[in-house]
Amino acid sequence: MRVVTWNVNSLRARLERVEEWIIEAQPDVLCIQETKLADDGFPALTFEALGYESAHYGQGQWNGVAILSKVGIDDVVTNFSSGIDPDPDARIITATCGGVRISCCYVPNGRSLEDDHYTYKLSWLDRLVEHLQSDTSPDADVIVTGDFNIAPEDRDVHDMSKFQNATHVTDAERDRLAALEQWGLTDLFRQVHPDVDSVYSWWDYRGGDFHLGRGLRIDLVLGSATVADRCEWSTVDRNARKGKSPSDHAPVLVDLNY
DNA sequence: ATGGTAGCATCGCTA
């Protein structure tokens with residue numbers, strides 16, 4: 001089973017490229033972030049024609065998350081699990097696909113360390129742990145994936161000197177990733193490639209950053225122990241960042257022996 | 001030190 005996360009930065013602007021990529025890469029489950037669509041604008045029929053069931057949680061102009069699946073899509077939960085302080089934005093959708101409980105997340109950017117949005121980001125990540133506690137168990141087959149807007153380690157950042165007093169790399173943010181690991185999740189790309197540095201999943205559109213290799217690895221696929229045991233491969237498809245009208249993020253794939 | 005690009009409901013915000 002191939003599970004992929006991809007922040008497409010507007011599904012309307014990216015639909016043609018997403019369709020082409022799906023045909024080429026044949027994911028069983030594709031988790032999409034930043035659809036920037038309302039639910040009634042989500043192209044479910046386009047994905048159905050490619051063999052996918054889908055579930056979308058959107059709000060319009062900003063944010064929006066979706067799960068596409070060839071292996072079933074059941075027990076869909078939009079937003080955090082009930083009982084948790086709900087998020088005002090459409091940033092998380094959870095579903096069971098092929099027996100795996102999958103949460104597709106678009107973690108708030110944070111903007112800057114002084115911004116209220118940074119506090120919101122940290123609180124959002126705290127609530128993600130509460131969501132998992134309530135929704136499932138670390139003993140189950142669980143994947144938590146998406147755009148985390150956090151680089152787990154310095155080697156996931158092209159140039160740490162550019163991230164002094166910046167978001168995405170702070171101890172507070174990395175502590176939240178540690179809390180997810182503490183809950184029972186493993187960064188599957190890092191498990192497969194323990195010694196590989198400077199692999200990125202996002203590059204700023206500005207300044208030729210992609211061409212110059214200036215990126216961050218902020219798109220993650222986290223798996224519970226049983227998923228990690230069955231993880232056979234992971235890669236970032238940086239080819240998807242090339243060419244005409246790419247997203248600023250590349251898809252991150254994991255292949256699981258399910 | 002700044003600005004660079006892309007997408008949106010576009011002249012200002014979000015990333």
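Chain letters run A, B, ... following the sequence lines, proteins first and then strands; every chain starts at 1. Fair warning: this is a prediction, and the values are worked out from it, not measured in the lab.
For A:F80 and A:W124, the distance between ring centers is under 6.0 angstrom.
Taking A:R14 as the reference, nothing meets the salt bridge (charged side-chain N to carboxylate O under 4.0 Å, His left out) condition, with sequence neighbours excluded.
Protein atom CG of A:L216 is 12 Å distant from nucleotide atom C1' of B:dA15, rounded to whole Å. For the pair A:N109 CG and B:dT14 P, the computed distance is 10 Å after rounding to whole Å. In this structure, the CH2 atom of A:W202 is 12 Å from the P atom of B:dA15, given to the nearest Å. The distance between atom CG of A:D248 and atom P of B:dT14, rounded to the nearest whole Å, is 16 Å. For the pair A:Y118 OH and B:dT14 P, the interatomic distance rounds to 19 Å; values are reported in whole Å.
Annotation: B:dC11 and B:dA1 have their P atoms spaced 32 Å apart (nearest Å). When the C1' atom is compared between B:dA9 and B:dC13, the two are found 11 Å apart, to the nearest whole Å. Nucleotides B:dT10 and B:dA15 are separated by 15 Å at their C1' atoms, to the nearest Å. Across B:dA6 and B:dT2, the matching P atoms stand 23 Å from one another, rounded to whole Å.
Within a 6.0 Å radius of CD in A:E130, other residues, nucleotides and ligands contribute more than 12 heavy atoms. Surrounding CG of A:N165 are at most 12 heavy atoms belonging to other residues, nucleotides or ligands under 6.0 Å away.
Classification of A:D156 and A:R174 as a salt-bridged pair fails, no side-chain N sitting under 4.0 Å from a carboxylate O.
Note: A:F47 and A:F42 have tilted aromatic rings, judged against thresholds of 30 and 60 degrees for the angle between ring planes.
If you check every strand for non-hydrogen atoms under 4.0 Å, A:F210 touches nothing.
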Q) Which letters describe nucleotides 2-10 of chain B, given B = protein heavy atom under 4.0 Å from base, S = only from sugar-phosphate, - = neither? A) --BBSBSB-
